Amino acid sequence: MFKPLKSSLPALGSPAPDVPSPLLGGLSPSQFMRRHWQKKPLLIRAAIPGFEPLLSRQQLFDMATDEAVESRLIVRKAQGWTLKQGPLARASLPPLKQPGWTLLVQGVDLHLDAAHALLQRFRFVPDARLDDLMISWASDGGGVGPHFDSYDVFLLQATGQRRWRIGRQKDLSLQPGVPLKILSHFEPEEEHLLNPGDMLYLPPRWAHDGDAVGGDCSTYSIGFRAPQRGGLAGELLQRMADELDDSTLYRDPQQPATANPAAMPAALEAFAADALQRLLAERQSLACALGEVMTEPKPRIWFDEATDAWVPGALRLDRRTRMMYDERHVFINGESFRAGGADARLMRALADQRGLDHRQVGRASTDALALLQDWFEAGWLHRTEPA
Ligand code: SIN
Ligand code: CO
């Protein structure tokens with residue numbers, strides 16, 4: 001298969017695959033991926049030594065008031081759990097001293113450069129798998145209850161303390177009549193108290209329950225995504241069919257008169273199978289559709305068009321931009337472009353490093369420059385220094 005190029009600059013912010021890193025408790029990314037990724041949890045003490053929270057409690061609460069931001073308020077009381085979807089006015093949050101509540105804010109990396117920069121440390125996992133940074137704030141005893149997630153997650157403690165209880169739960173039955181997914185019979189196997197800078201990696205489906213200890217507890221969840229086979233197939237087929245634009249009609253000149261008019265004609269079934277096979281035979285179309293689907297911006301995300309004129313120079317991708325590539329194409333924010341030779345090398349460097357220095361831009365072909373200009377004007381990338 002295709003080998004990603006060796007670019008002159010390392011991928012932005014991500015640790016080199018074979019260098020041991022405190023982020024992974026002294027393991028190199030390669031060791032971590034072999035031993036833990038999708039396999040078993042890893043508790044990492046002081047994963048980010050001297051870690052400073054990326055935003056204040058007030059800033060997080062302010063984010064939750066924004067319509068463009070996905071947020072939830074979860075309150076645990078003697079009578080049970082309540083869940084409220086954002087946007088959440090400050091007045092709708094309980095007092096800080098009230099125990100047992102938590103506010104969760106999704107996709108913080110899309111709104112805050114520092115959160116986006118934190119995610120870059122996890123780019124030893126392909127971008128196609130990285131999802132977002134969720135930040136939770138909890139009062140004393142707050143949490144979302146025992147549950148499991150379908151995706152890998154790194155749980156980084158940012159402020160205060162959280163006690164995580166985790167286990168390989170066999171019985172995944174959920175409590176009925178609760179607005180959250182809460183396990184009926186959680187059987188924890190391990191317990192860990194996390195302090196600021198500590199981090200816990202959990203593979204998909206590991207049951208976990210994290211309770212804030214003593215209030216002012218914030219946890220950053222570095223979350224991953226994985227396409228679901230059926231859903232992905234549907235999205236790809238739709239895109240490929242739109243692209244193919246094949247208006248060939250089913251014809252049945254040999255159709256005899258039938259005594260069973262409701263019966264599906266076998267020839268029509270064969271026509272349907274042939275239509276799908278023709279679609280799937282378009283390998284380039286499949287590659288484009290996959291790249292477009294995987295780089296599609298999240299709902300509620302829009303870009304601010306550039307207000308200043310384009311002048312070539314050093315560039316960086318906007319934090320909201322998703323950019324990937326394969327052997328023949330580059331994909332950016334749901335669009336695909338064919339690229340080969342020096343242009344492909346440049347675009348791959350842009351995707352891996354999430355930026356280009358002025359020398360790289362200086363060597364760009366006219367075609368590549370035209371694309372960079374389009375993307376600049378759309379607000380998908382920015383100049384790193386004023387023109
Ligand atoms: C939390 O931060 O309280 C919840 C994170 C999780 O369990 O995935
Ligand atoms: Co979870």
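Counting starts at 1 for both ligands and their atoms, following the listed order. What you see is a predicted model; the values in this text were computed from it and never measured.
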**Message:** Consider ring pair (Phe, Tyr, Trp, His ring centres under 6.0 Å). Of Phe224, Phe122, Tyr151, Phe124, which one does Trp37 pass it with?
**Reply:** Phe224
**Asked** What protein heavy atom sits nearest atom 8 (O) of ligand 1, and how far away is it?
**Response** Asp149 OD2, 3.3 Å
**Prompt:** Are any of the heavy atoms in Phe148 under 4.0 Å away from ligand 1?
**Reply:** no
**Asked** How are the rings of Trp310 and Phe376 set relative to one another: parallel (under 30°), tilted (30 to 60°) or perpendicular (over 60°)?
**Response** tilted
**Request:** Tell me which N, O or S atom of Asp149 sits nearest to the Co ion (ligand 2).
**Result:** OD2
**Request:** On the 0 to 90° scale, with breaks at 30° and 60°, tag the His208-Trp164 ring pair as parallel, tilted or perpendicular.
**Result:** tilted
**Request:** Have a look at Ser336 and tell me which of His329, Glu292, Arg239 forms a side chain to side chain donor-acceptor pair (under 3.5 Å) with it.
**Result:** Glu292
**Asked** Going by the atom numbers of ligand 1, which of them fall below 4.0 Å from some non-hydrogen atom of His147?
**Response** 6 (C), 7 (O), 8 (O)
**Fill in**
Here the gap from Arg300 atom CZ to Asp66 atom CG, rounded to the nearest 0.5 Å, amounts to 9.0 Å
**Prompt:** Which word best sums up how the rings of Tyr220 and Phe51 line up, parallel for under 30°, tilted for 30 to 60°, or perpendicular for over 60°?
**Reply:** perpendicular
**Prompt:** Do any nitrogen or oxygen atoms of Ser136 lie less than 3.5 angstrom from nitrogen or oxygen atoms of ligand 1?
**Reply:** yes
**Request:** Give the atoms of ligand 1, by number and element, whose distance to some non-hydrogen atom of His208 is under 4.0 Å.
**Result:** 6 (C), 7 (O), 8 (O)
**Asked** Would one find an N or O of Ser221, backbone or side chain, under 3.5 Å from an N or O of ligand 1?
**Response** no
**Item:** Shortest-distance N/O/S atom, His208 versus the Co ion (ligand 2)
**Value:** NE2
